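If you read the sequence from its start, that first residue is 1, and numbering goes on from there. Whatever order the structure lists ligands and atoms in, that order sets their numbers, starting from 1. Just so we're clear, the structure is a prediction, and the values are computed from it rather than from any experiment.
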Amino acid sequence: DYPAGLTVTEFADDLGGGKQCLGFVAVADLKANPKLRFNAVHLPQQKTPSRIHAEFASANRGTACVTINAGYWWAGNSLSLLVTGGAGFIGSHLCERLLGEGNDVICIDNYFTGHKSNIRHLLSHPNFEIIRHDIVYPYMAEVEEIYNLACPASPIYYQHDPVKTTQTSVIGAMNMLGMARYNRAKVLQASTSEVYGDPLVHPQTEDYWGHVNPLGLRSCYDEGKRCAESLFMSYYREHGIPVKIIRIFNTYGPKMDINDGRVVSNFIVQALRGDNITIYGDGGQSRSFQYIDDLIEGMVRMMDDTPDDFTGPVNIGNPNEFTIAELAREVISLTGSKSKKIGR
Ligand code: NAD
Ligand code: UDP
């Protein structure tokens, strides 16, 4: 929306610090503009720098462009927030989004599956704090909202120490709910589609109670998350804490762990390395995948745009399913890989 070559200061003056003017990205077309004179664009609340870059790049195919998250301007209304599991895949995107809105963010993580590299770029942000801590043990801070994401999400990691996985889900949830009660804070639980177990109803709606095996290998995760949901509802009923439960469906995007064994990261890594694409079974099984930015949008809206007595649960995912064989074809075509598809 702004003329090319606008300086950062001119742009900041024009923004004027309104609540909707949360920051900006500068987009440069390196070929047409080798001196890096930026085209500035607004960063509306619902768009992240990576999404704006993707839109700019697709509208200007063939040009070499970069997006630089060049600064933040905000006025008032900032909140003190806590994100557990903030160094993980989803948590690190959430920290970015919440900081971009001008909030103070404390990130707690024990780095079991998360990585410092996911949040290294945030360490110099004046409103960001990172604390190495395991949520199985109590922690207290004065905060207004808590996003509880800490828990390994991939089967290979959550089955590594199943007792610890259940402790993280259950005792971790109690510790976060205790902190919410002390602060009269809102608290959001990152639950999962796995609470439906091996569902007999497709697609799963929130009023379906699921079909879960309490004895199976996945039960440490599935039953832990179900118990956490139960605790959230008990704190809401017994102590009047505003709680929010979201059930996250398969999510993909930058910063997924390349070793976590899930299908999107497996196929992309295999294709880029030229290895065989491992399709389990005949590839006819279907899934839906949502992009990380859409999940983050849903999480923030659930926390901030719903009334205090709206607890959920709310399923957050993509209603459009496609088969694993189609996913393999798409990955091969987008990467231009010579990988072959093999069944297992
Ligand atoms: P992730 O493994 O990348 O992130 C989890 C984070 O929690 C990691 O940084 C890890 O180090 C941290 N953690 C684990 N145990 C901890 C503990 N005891 N104390 C402190 N930190 C701890 O996983 P993710 O994909 O970002 O998932 C985040 C949340 O979303 C999880 O609760 C998961 O169950 C839920 N979820 C994710 C998906 C998905 O598709 N990625 C789907 C459904 C639900
Ligand atoms: N899958 C596959 N090849 C892989 C990894 C997974 O064919 O390398 C299949 C897997 O059998 C399942 C689907 O992809 O049917 C999704 O698996 P994932 O573990 O990613 O997610 P979830 O089963 O938890 O939805």
**Student:** Please state which option from Ile108, Asp109, Thr165 has its nearest heavy atom closest to atom 9 (O) of ligand 1.
**Tutor:**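 Answer by nearest heavy atom: Asp109.
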**Student:** Aromatic rings Phe249 and Tyr196: how do their planes relate, parallel, tilted or perpendicular, breaks at 30° and 60°?
**Tutor:**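 Phe249 and Tyr196: tilted rings.
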**Student:** For Gly88, counting its heavy atoms only, list the atoms of ligand 1 lying under 4.0 Å from any of them.
**Tutor:**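 Heavy-atom distances to Gly88 below 4.0 Å select 3 (O), 4 (O), 8 (C), 9 (O).
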**Student:** Out of Cys107, Ala150, Cys151, whose heavy atom sits nearest atom 5 (C) of ligand 1?
**Tutor:**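 Selected option, by shortest heavy-atom distance: Cys151.
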**Student:** Looking only at non-hydrogen atoms, find the nearest pair between Ile241 and Ala180 and report the distance.
**Tutor:**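 Distance-wise, the nearest heavy atoms are CG2-CB, 3.9 Å.
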**Student:** Could you point out which residue of Asp104, Val83, Asn183 forms a side-chain contact (heavy atoms from CB on, under 4.5 Å) with Val143?
**Tutor:**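 Single side-chain contact (heavy atoms from CB on, under 4.5 Å) partner of Val143 among Asp104, Val83, Asn183: Asn183.
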**Student:** Distance to 0.1 Å, residue and atom name: give those for the protein heavy atom nearest to atom 43 (C) of ligand 1.
**Tutor:**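 So the nearest neighbour among protein heavy atoms is Ile248 O, 3.1 Å.
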**Student:** Test side-chain contact (heavy atoms from CB on, under 4.5 Å) on Leu177 and Val243 and set out the steps.
**Tutor:** CA-CA 9 Å; Leu177 286 160; Val243 304; 4.2 Å; yes
**Student:** Looking just at side-chain N and O atoms, do Asn148 and Thr84 make a donor-acceptor pair shorter than 3.5 Å?
**Tutor:**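 On atom types as modelled, these side chains qualify, holding a pair under 3.5 Å.
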**Student:** Does Tyr221 approach ligand 1 within less than 4.0 angstrom via side chain, backbone, both or neither, non-hydrogen atoms only?
**Tutor:**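 For Tyr221, only side-chain atoms sit under 4.0 Å from ligand 1.
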**Student:** Give me the atom names and distance for the closest heavy-atom approach of Asn103 to Leu79.
**Tutor:**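 In this case the closest contact between Asn103 and Leu79 is OD1-N, 2.9 Å.
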**Student:** Does atom CG of Leu217 have more than 12 heavy-atom neighbours, drawn from other residues, nucleotides or ligands, at distances under 6.0 Å?
**Tutor:**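 No, not enclosed.
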**Student:** Would you name the heavy atoms of Phe232 and Ala173 that are closest together and state the gap between them?
**Tutor:**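 That closest heavy-atom pairing would be CE1-CB, 4.0 Å.
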**Student:** Could you list which atoms of ligand 1 come closer than 4.0 Å to a heavy atom of Tyr111?
**Tutor:**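 Near Tyr111, meaning under 4.0 Å from one of its heavy atoms, ligand 1 has 11 (O).
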**Student:** Show your working on side-chain contact (heavy atoms from CB on, under 4.5 Å) between Leu82 and Met179 and close with a plain yes or no.
**Tutor:** CA-CA 10 Å; Leu82 182 93; Met179 194 189 329; 3.8 Å; yes
**Student:** Ligand 1 versus Ser191, non-hydrogen atoms closer than 4.0 Å: side chain, backbone, both, neither?
**Tutor:**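 The answer is the backbone of Ser191.
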**Student:** Show the nearest heavy-atom pair for residues Cys151 and Ser169, with the distance to one decimal.
**Tutor:**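 What the structure gives for the nearest pair is SG-OG, 3.6 Å.
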**Student:** How far is atom 18 (N) of ligand 1 from its nearest protein heavy atom, and which residue and atom name does that atom have?
**Tutor:**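 Closest protein heavy atom to atom 18 (N) of ligand 1: Asp134 OD1, 2.9 Å.
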**Student:** Examine ligand 1 and decide if any of its atoms is less than 4.0 Å from a heavy atom belonging to Gly172.
**Tutor:**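 Not so, Gly172 does not reach ligand 1.
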**Student:** With a cut-off of 4.0 Å, which atoms of ligand 1 are near a heavy atom of Gly114?
**Tutor:**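 Result: 8 (C), 9 (O), 10 (C), 11 (O).
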**Student:** Below 4.0 Å from ligand 1: does a non-hydrogen atom of Leu149 turn up there or not?
**Tutor:**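 Checking ligand 1 against Leu149, which is what was asked, there is a heavy-atom contact under 4.0 Å.
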**Student:** Measuring only between side-chain heavy atoms, which start at C-beta, is Phe112 closer than 4.5 Å to Lys164?
**Tutor:**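 Not touching, per the 4.5 Å side-chain cut-off.
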**Student:** Of all the heavy-atom pairs spanning Ala185 and Pro242, show the shortest one and how long it is.
**Tutor:**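 In this case the closest contact between Ala185 and Pro242 is O-CD, 3.8 Å.
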**Student:** Can you find an N/O atom of Thr251 closer than 3.5 Å to an N/O atom of ligand 1?
**Tutor:**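 Yes, there is a polar N/O contact under 3.5 Å.
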**Student:** Between Val300 and Glu101, what is the shortest heavy-atom contact and its length?
**Tutor:**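 Residues Val300 and Glu101, closest heavy atoms: CG1-OE2, 4.2 Å.
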**Student:** Nearest protein heavy-atom contact for atom 39 (C) of ligand 1: which residue, which atom, what distance?
**Tutor:**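 The closest one turns out to be Arg262 NH1, 3.5 Å.
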**Student:** Among protein heavy atoms, which sits nearest to atom 17 (C) of ligand 1, and what does the distance come to when rounded to 0.1 Å?
**Tutor:**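 Nearest neighbour among protein heavy atoms for atom 17 (C) of ligand 1, to 0.1 Å: Asn110 ND2, 3.4 Å.
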**Student:** Hey, what do you get for NZ (Lys255) to CD1 (Ile90), rounding to the nearest 0.5 Å?
**Tutor:**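 Between Lys255 NZ and Ile90 CD1, I get 12.0 Å after rounding to 0.5 Å.
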**Student:** Carefully, step by step, assess Glu223 and Arg226 under the rule side-chain contact (heavy atoms from CB on, under 4.5 Å).
**Tutor:** CA-CA 5 Å; Glu223 296 288 17; Arg226 285 171 73 93; 3.4 Å; yes
**Student:** Please write down residue, atom name and distance for the protein heavy atom closest to atom 2 (O) of ligand 1.
**Tutor:**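 Answer, as residue, atom name and distance: Thr113 OG1, 2.6 Å.
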**Student:** Just jot down the ligand 1 atoms closer than 4.0 angstrom to any heavy atom of His133, in number order.
**Tutor:**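 The list of qualifying atoms is 19 (N), 20 (C).
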**Student:** Considering non-hydrogen atoms of the protein only, which is the closest contact for atom 23 (O) of ligand 1, and what is the distance?
**Tutor:**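 I find the closest protein heavy atom is Ala153 CB, 3.5 Å.
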**Student:** Does the side-chain contact (heavy atoms from CB on, under 4.5 Å) test come out yes or no for Ile135 and Thr168, once each step is laid out?
**Tutor:** CA-CA 7 Å; Ile135 62 157; Thr168 296; 4.2 Å; yes
**Student:** Pull out every atom of ligand 1 sitting under 4.0 Å from any heavy atom of Lys225, numbered as shown with elements.
**Tutor:**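 Listed by number with element, the hits are 31 (C), 32 (O), 33 (C), 34 (O).
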**Student:** Given a heavy-atom cut-off of 4.0 Å, could you list the residues near ligand 2 in chain and number order?
**Tutor:**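 Close residues (ligand 2, cut-off 4.0 Å): Glu194, Asn250, Gly261, Arg262, Val263, Asn266, Phe267, Thr278, Ile279, Tyr280, Gln285, Arg287, Ile324.
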**Student:** What protein heavy atom sits nearest atom 26 (O) of ligand 1, and how far off is it?
**Tutor:**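 Heavy-atom neighbour on the protein nearest atom 26 (O) of ligand 1: Ile90 N, 2.8 Å.
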**Student:** Could you tell me the residue and atom name of the protein heavy atom closest to atom 3 (O) of ligand 1, and the distance to it rounded to 0.1 Å?
**Tutor:**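 For atom 3 (O) of ligand 1, the nearest protein heavy atom comes out as Phe89 N, 2.9 Å.
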